Q: 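Here's a structure for you.
Note that the structure is predicted; figures quoted are calculated from it, not measured. Quick note: residue numbers are just sequence positions, from 1.
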Amino acid sequence: MSSHYYEVALFGEFFAPDLKAILNRITLHSESSQPFQSREIVFEPLDAAIQRDAGTEPILLRAKKEISDPKAAWELYSYLKPESVRVHPEATVRPWATCQVVGDALSFAAALGYVRRSQFYKRGYAFRRGSLLITMSQQEQVDPKTQLPVPAHADTLWEVEVKTANPIRNTQETPLNKAIDAVLEVQLLMKGLLDLRRQDL
């Protein structure tokens with residue numbers, strides 16, 4: 001058994017005219033829903049260019065904060081390369097390390113030897129369904145002067161992620177298959193309205 005913690009996920013996207021129908025169907029099959037806005041910053045190692053030149057994809061560090069919740073802490077997380085499509089053809093299964101940071105996550109990332117690569121805001125809706133978190137969001141750009149979010153255009157694509165809310169370990173109590181079945185259930189519920197699929201990120 002692997003000692004890694006994993007995230008199991010499916011992804012989809014749609015345009016604004018389908019928002020109401022998709023929102024209604026997900027709400028119908030979820031235990032709770034709430035609007036959210038988050039800020040995300042992506043960091044890469046100082047030697048990222050050297051790693052790429054050597055043919056290695058550097059591991060990115062991501063910092064995320066729910067700015068819709070004034071008490072929310074920064075969460076730092078990192079994904080490793082997804083398991084191969086041969087092993088898990090139906091869903092994206094990737095090792096996932098995460099930790100909460102009290103205080104300034106950005107200085108903390110810098111101290112770990114990372115530099116900021118990009119940042120963006122997301123605004124949308126978050127749903128809970130059992131062990132899953134389903135998010136539907138539009139990406140908002142950042143105003144270079146104020147560093148504040150600029151509302152997305154009405155025709156901006158909506159992105160959907162259906163994923164395990166917490167990192168899971170592949171054990172007898174929490175087998176990965178159970179999490180894969182849970183995301184595939186949502187895929188089936190959305191059939192005909194939203195195409196949810198595996199992604200190699």
Side-chain angles (χ1 to χ4, degrees), residues 1-13 22-23 25-36 38-43 57-66 68-69 71-102 105 108-109 112 114 122 124-137 158-191 193-201:
M1 289 281 180
S2 167
S3 62
H4 275 307
Y5 282 94
Y6 290 94
E7 177 188 83
V8 176
L10 287 173
F11 304 87
E13 51 202 25
I22 290 172
L23 199 55
R25 190 174 296 180
I26 294 180
T27 304
L28 186 66
H29 295 287
S30 301
E31 287 124 40
S32 67
S33 66
Q34 63 188 63
F36 81 92
S38 64
R39 179 184 178 198
E40 295 189 34
I41 301 173
V42 180
F43 299 90
E57 197 47 45
I59 293 171
L60 302 180
L61 184 65
R62 298 160 189 270
K64 181 178 175 183
K65 188 177 192 176
E66 298 295 331
S68 38
D69 174 3
K71 296 192 295 293
W74 280 100
E75 186 185 353
L76 278 181
Y77 64 101
S78 192
Y79 293 124
L80 299 183
K81 199 173 174 338
E83 303 274 298
S84 93
V85 69
R86 288 194 306 280
V87 183
H88 294 294
E90 315 97 331
T92 301
V93 176
R94 53 190 175 182
W96 180 21
T98 178
C99 75
Q100 286 216 326
V101 177
V102 178
F108 184 69
L112 291 174
Y114 281 80
K122 281 184 175 181
Y125 306 93
F127 306 85
R128 282 305 293 255
R129 175 183 162 87
S131 63
L132 300 180
L133 174 66
I134 303 170
T135 58
M136 287 169 47
S137 61
W158 282 83
E159 297 169 12
V160 181
E161 288 187 8
V162 178
K163 59 186 184 182
T164 40
N166 298 303
I168 52 169
R169 210 170 218 160
N170 191 15
T171 65
Q172 283 181 319
E173 293 77 46
T174 58
L176 278 177
N177 293 350
K178 203 171 166 185
I180 292 169
D181 288 346
V183 297
L184 292 177
E185 239 174 68
V186 178
Q187 184 185 52
L188 200 58
L189 287 171
M190 300 311 292
K191 211 174 165 80
L193 197 53
L194 176 65
D195 175 27
L196 290 168
R197 59 198 178 275
R198 181 188 190 284
Q199 236 177 46
D200 272 320
L201 299 174

Q: Minimum heavy-atom separation for Glu7 and Thr164, please, with both atom names.
A: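 Closest pair (atom of Glu7, atom of Thr164, distance): CA-OG1, 3.5 Å.
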Q: Might you work through the side-chain contact (heavy atoms from CB on, under 4.5 Å) test for Tyr79 and Trp96, ending with a clear yes or no?
A: CA-CA 5 Å; Tyr79 293 124; Trp96 180 21; 3.5 Å; yes
Q: What distance separates Arg198 CZ from Ile180 CD1, expressed to the nearest 0.5 Å?
A: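 Reported to 0.5 Å precision, the distance equals 9.5 Å.
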Q: Taking all heavy atoms of Glu40 and all of Tyr77, pick out the closest pair and write down the distance.
A: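 What the structure gives for the nearest pair is OE1-OH, 3.4 Å.
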Q: Hey, what do you get for CG (Asp69) to OG (Ser38), rounding to the nearest 0.5 Å?
A: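 It is 12.0 Å, given to the nearest 0.5 Å.
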Q: Please enumerate all residues that pass side chain to side chain donor-acceptor pair (under 3.5 Å) together with Thr98, with sequence neighbours excluded.
A: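 Thr98 satisfies side chain to side chain donor-acceptor pair (under 3.5 Å) with Glu75 only.
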Q: Give the minimum heavy-atom separation between Glu83 and Tyr6, together with the two atoms involved.
A: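 So the minimum-distance heavy-atom pair works out to OE2-CE2, 3.7 Å.
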Q: Rounded to the nearest 0.5 Å, how far does OG1 of Thr27 lie from CD1 of Ile134?
A: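 Reported value, rounded in 0.5 Å steps: 9.5 Å.
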Q: Would you say Thr171 and Thr174 are linked by a side-chain donor-acceptor pair, where the criterion is simply a distance under 3.5 Å?
A: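 Short answer, yes.
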Q: If you look at every heavy atom in Ala72 and Glu66, which pair is closest and at what distance?
A: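 Closest approach of Ala72 to Glu66, heavy atoms only: CB-O, 3.5 Å.
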Q: So how far is it from Arg169 CZ to Tyr5 OH, rounded to the nearest 0.5 Å?
A: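 These two atoms lie 3.5 Å from each other.
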Q: Can you measure from NZ (Lys122) to NZ (Lys64) and round to the nearest 0.5 angstrom?
A: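 One finds 6.5 Å between NZ of Lys122 and NZ of Lys64.
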Q: If you measure from CG on Leu76 to CZ on Arg62, what distance do you get to the nearest 0.5 Å?
A: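 Interatomic distance, Leu76 CG to Arg62 CZ, rounded to 0.5 Å: 12.0 Å.
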Q: Distance-only, no hydrogens or angles: does the Arg129 side chain make a donor-acceptor pair with backbone N or O of His29 under 3.5 Å?
A: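 Present.
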Q: Of all the heavy-atom pairs spanning Leu176 and His88, show the shortest one and how long it is.
A: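 Nearest heavy atoms, Leu176 then His88: CD1-NE2, 4.2 Å.
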Q: Could you pull out the closest heavy-atom pair between Thr92 and Pro82, with the gap in Å?
A: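 Closest approach of Thr92 to Pro82: CG2-CB, 4.1 Å.
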Q: Verify, without hydrogens or angle tests, whether Ser33 (side chain) and Ala126 (backbone) share a donor-acceptor contact under 3.5 angstrom.
A: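 Not at all, since once roles are kept as given, no pair shorter than 3.5 Å links the two residues.
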Q: Not counting sequence neighbours, which residues clear side chain to side chain contact (heavy atoms under 4.5 Å, CB included) with Gln187? List them please.
A: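 Scan of Gln187 (side chain to side chain contact (heavy atoms under 4.5 Å, CB included), adjacent residues dropped) gives Leu10, Leu184, Leu196.
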Q: For a 4.5 angstrom cut-off between non-hydrogen side-chain atoms, does Asn170 reach His4?
A: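 A side-chain contact is absent here, since even the closest heavy-atom pair is not under 4.5 Å.
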